[in-house]
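So you know, we letter chains A, B, ... as the sequences are listed, proteins then strands, and number each from 1. Here the structure is a predicted model, which is why all the values come from computation and not from measurement.
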Protein chains: 2
Amino acid sequence: MIKNAPQALYRRAKDFVQDQLRAGVWKAGDMIPSEHRLVEELGMSRMTINRALRELTEEGHLVRISGVGTFVAESKPQSNLLRITNIGDEIVARGHQYSCKVLHLGREVASMPVAAALSLPTGASVFHVICVHSEEGIPVQLEDRYVNPEMIPDFLQQDFGANLQPAMYLLQVLRPDEMEHIVEASHPSSDESKYLQIDINEPCLVLMRRTWNQSKIVTYVRLIHPSSRYRLGSRLPVNGAHRDN
Amino acid sequence: MIKNAPQALYRRAKDFVQDQLRAGVWKAGDMIPSEHRLVEELGMSRMTINRALRELTEEGHLVRISGVGTFVAESKPQSNLLRITNIGDEIVARGHQYSCKVLHLGREVASMPVAAALSLPTGASVFHVICVHSEEGIPVQLEDRYVNPEMIPDFLQQDFGANLQPAMYLLQVLRPDEMEHIVEASHPSSDESKYLQIDINEPCLVLMRRTWNQSKIVTYVRLIHPSSRYRLGSRLPVNGAHRDN
DNA sequence: AAGTGGTCTAGACCACTCG
DNA sequence: GAGTGGTCTAGACCACTTC
């Protein structure tokens, strides 16, 4: 589990800082040692330390105030809307403990809305998995996923968990060539609030995603996030190529 | 031709490169001059040029191959979600009646979070507009926008309404070259629930958008949508090439 | 005045690719 | 071997905040 030998020094400096964050040595709001002090402690030049801290700031882990100091950010995790990301990877990348618990896995007859979402005839047989993703033991995402058996016949035979999430498995066996995202806000159902351990009145961010391969739908998933624990975001260049409409 | 020069040299190097890209001097797939050559042309040190090119690479404008060269990235597809849309156009396109009512328009001293969002010093003077967008007389979006006066000095002199929304005006006078979207779910504040004519307990989809022009922030806006009346969506091809971390 | 981050320089060594 | 990017150093000057 312990991986050493990041070759780049600035990488090791970043890892060092993230280790302190992960270990809770430096907590949200704390001021961390100055660049000068880190130069002494780690034996690197200030430019190298500066690059490490600058990148951690861009990634949202730190907040720097010129003339004052560097502080641990109050983290409200944010993931990229454009990419198909594994929430597990995101959490691990933040240096946090990740877990995934499968609540349901089986084959069932598609209800009308599910069949419609997958563009299958009503009554078609589909795979269905429900799991909860947790960060540091706190549920951050409820995944309610339907899979087209025609595309992924071996889906049920997998041993899903923190090391093999459904999303990860699907990406590995069948890379999608198109996807659709729909985002909305809603309150959780009573089941959902129970699984996520939140109040029935807490607003949730719901991301519905469908992915295609060769013009056929691979999977349809609803990802439900408590608003207090999750955000979606993206930053990207604007193409000059579109006026309006 | 004459531009207010950004103070930081690496910024000017970035602007120089982006100017070449915008002007079409360097096109997608082209190899651009090496660091060494840019050092000579711009009269900066290699570290400075390197930082500029590294950041442009992280932002997706360039692709660098060690030992080979630096190339202009192929432009990325863009989704509806990530496109800057006018809600008025959307509503009109649906064949519905659209209206926009300005609730507030003026200049004020930026609070700390607003100053931070705009990357301005605390206490800076900013423009602030609040308006409600309605479809068939029903409010569907509350727009709470801050504008950088340095970028858009004539903002307050405009006569905003259904025929000239703030978003439309901004797009017309200063096309952004970069943007950031963050989406979250929340309950409306009491003021917001009043303006939107919804219950204080109705979940809302909140889209926060910042746009950049020439590496400076033009505007920061919070768009609040009652979940029962609005969704965001996108469908787009998947790029094969994704980097991690 | 002392401390902080923001930036910049003019070198340097390395691994890599290409002809 | 020449060219490229990737990284690193040991200084430096500046603007800013805090005491």
| task | Between C:dT4, D:dT9, D:dG5, spot the one nearest the side chain of A:Arg37, thanks. | result | C:dT4
| task | Tell me which of B:Asn50 and A:Val68 sits closer to the 5' end of DNA chain D, going by the nucleotide each one is nearest to. | result | B:Asn50
| message | What is the distance, to the nearest angstrom, from the CE atom on A:Met44 to the P atom on D:dT7? | response | 13 Å
| Does A:Met47 or A:Ile65 map to a spot on DNA chain C nearer the 5' end, using the closest nucleotide for each? | A:Ile65
| Can you check the B:His36 NE2 to D:dT4 P distance for me, whole Å? | 8 Å
| message | Nearest to the side chain of B:Met31, heavy atoms from C-beta on, is which of D:dT7, D:dT4, D:dT9? | response | D:dT4
| query | Looking only at N and O atoms, is any donor in the side chain of A:Arg46 or the base of C:dG6 less than 3.5 Å from an acceptor on the other one? | reply | yes
| field | A:Glu55/A:Arg11 salt bridge by N-O under 4.0 Å criterion | value | no
| query | Within the pair B:Thr48 and C:dT9, is there a side-chain N or O less than 4.0 Å away from OP1 or OP2? | reply | yes
| Below 4.0 angstrom, N of the basic side chain to O of the carboxylate: do A:Arg12 and A:Asp15 qualify? | no
| query | Roughly how many Å is it from CD in B:Glu40 to P in C:dG11, rounded to a whole number? | reply | 14 Å
| query | How close or far is atom C1' of D:dG3 from atom CG of B:Leu38, stated in whole angstroms? | reply | 14 Å
| query | Which nucleotide sits closest to the side chain of A:Ala8: D:dG5, D:dT7, C:dT9? | reply | D:dT7
| Basic-acidic side-chain contact under 4.0 Å: B:Lys216, B:Glu150 | yes
| request: Let me know the distance between CD of A:Glu35 and P of D:dG11, rounded to the nearest Å. | output: 17 Å
| message | Can you confirm if the aromatic rings of B:Phe160 and B:Phe155 lie within a centre distance of less than 6.0 Å? | response | yes
| request: Report which part of the nucleic acid A:Arg54 touches: base, sugar-phosphate, or nothing (heavy-atom distance under 4.0 Å, all strands). | output: nothing
| remark: Picking from D:dG5, C:dG6, C:dT9, the nucleotide nearest the side-chain atoms of A:Ser66 would be C:dG6
| query | Can you check whether B:Arg64 has a side-chain N or O nearer than 4.0 Å to OP1 or OP2 of D:dG6? | reply | yes
| field | A:Leu53 CG - C:dT7 P separation (whole Å) | value | 13 Å
| said: Parallel, tilted or perpendicular: which one describes the rings of B:His225 and B:Tyr230, with boundaries at 30° and 60°? | reply: parallel
| Whole Å only: how far is the CD atom of A:Glu55 from the P atom of C:dG6? | 14 Å
| task | Using whole Å, report how far CD1 of B:Ile49 lies from C1' of C:dG11. | result | 16 Å
| query | If you check every side-chain atom of B:Ser45, which of C:dA10, D:dT7, C:dT7 has the closest atom? | reply | C:dA10
